[in-house]
Amino acid sequence: MTIESMVPAGACGQLDPAAALFHSLSDPTRLSIVKRMAGGEARVGDLVGELGLAQSTVSAHVACLRDCGLVEGRVQGRSVYYSLSRPELMDMLASAEVLLAATGNAVSLCPNYGTGSTGDPMTQGDAR
């Protein structure tokens, strides 16, 4: 089932959950955390060491993923072990990798979001 088949014509507002999902994965740090958790659960401290980021940064990104329902925590003693809450997330990422391989460098060359872009085209005015 595709997003298009689920949304009637003219119902763009119904795409908000899909946009939120993709936005939650749009940050390179959050995507790295998700990919790491694909290999098994991890504590924030583990992620800090592996990613080389500050504890507060990693905690904020894990909290974002948790709030989006993509990861869940399991308390053991004084530690919280985080893992992916939905295995379908890995299927989606695998599909994204297939799509990226098929499009070559097109996405990374995108003037709006690719390497060297300034980010959100909606905030760039009429620069296009």
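Here the structure is a predicted model, which is why all the values come from computation and not from measurement.
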Would you give the length of the straight line joining atom CG of Leu93 to atom CG of Leu25, rounded to the nearest 0.5 angstrom?
6.0 Å

Sequence neighbours left out, what passes salt bridge (charged side-chain N to carboxylate O under 4.0 Å, His left out) with Arg74? Give chain and number order.
Glu41

Selection residues 49-59 - residue pairs positive for salt bridge (Lys or Arg N to Asp or Glu O under 4.0 Å), sequence neighbours left out:
Arg36-Glu50

Check whether Val98 and Phe22 end up in the same hydrophobic cluster, where Ile, Leu, Val, Met, Phe, Trp and Tyr are linked by side-chain heavy atoms less than 4.5 Å apart.
no

Check for me, please, whether Met90 and Leu47 land in the same ILVMFWY cluster - side-chain distances under 4.5 Å, paths through other members count.
yes

With rounding to the nearest 0.5 angstrom, report the CG to OG1 distance, Leu109 to Thr103.
9.5 Å

Decide whether Met92 and Leu99 are clustered together by the hydrophobic rule: side chain heavy atoms of Ile, Leu, Val, Met, Phe, Trp, Tyr closer than 4.5 Å, transitively.
no

Distance-only donor-acceptor hits, side chain of residues 56-71, under 3.5 Å, sequence neighbours excluded:
{"from": "Ser59", "atom 1": "OG", "to": "Gln55", "atom 2": "O", "distance (Å)": "3.1"}
{"from": "Ser59", "atom 1": "OG", "to": "Gln55", "atom 2": "NE2", "distance (Å)": "2.6"}
{"from": "His61", "atom 1": "ND1", "to": "Arg30", "atom 2": "NH1", "distance (Å)": "3.3"}

Minimum heavy-atom separation for Gly73 to Val80, with atom names?
CA-CG1, 3.8 Å

Partner set under salt bridge (charged side-chain N to carboxylate O under 4.0 Å, His left out) for Asp27, not counting sequence neighbours:
none

Just jot down the side-chain contact (heavy atoms from CB on, under 4.5 Å) partners of Glu97, sequence neighbours excluded, or say none.
Lys35

Across all chains, not counting sequence neighbours, the salt bridge (charged side-chain N to carboxylate O under 4.0 Å, His left out) partners of Glu72 are none

Does the side chain of Gln76 reach to within under 4.5 Å of the side chain of Tyr81, using non-hydrogen atoms?
yes

List the atom of Ser32, the atom of Leu51, and the distance in Å for their closest heavy-atom pair.
CB-CD2, 3.9 Å

Roughly how far apart are Ser79 OG and Arg43 CZ, rounded to 0.5 Å?
5.0 Å

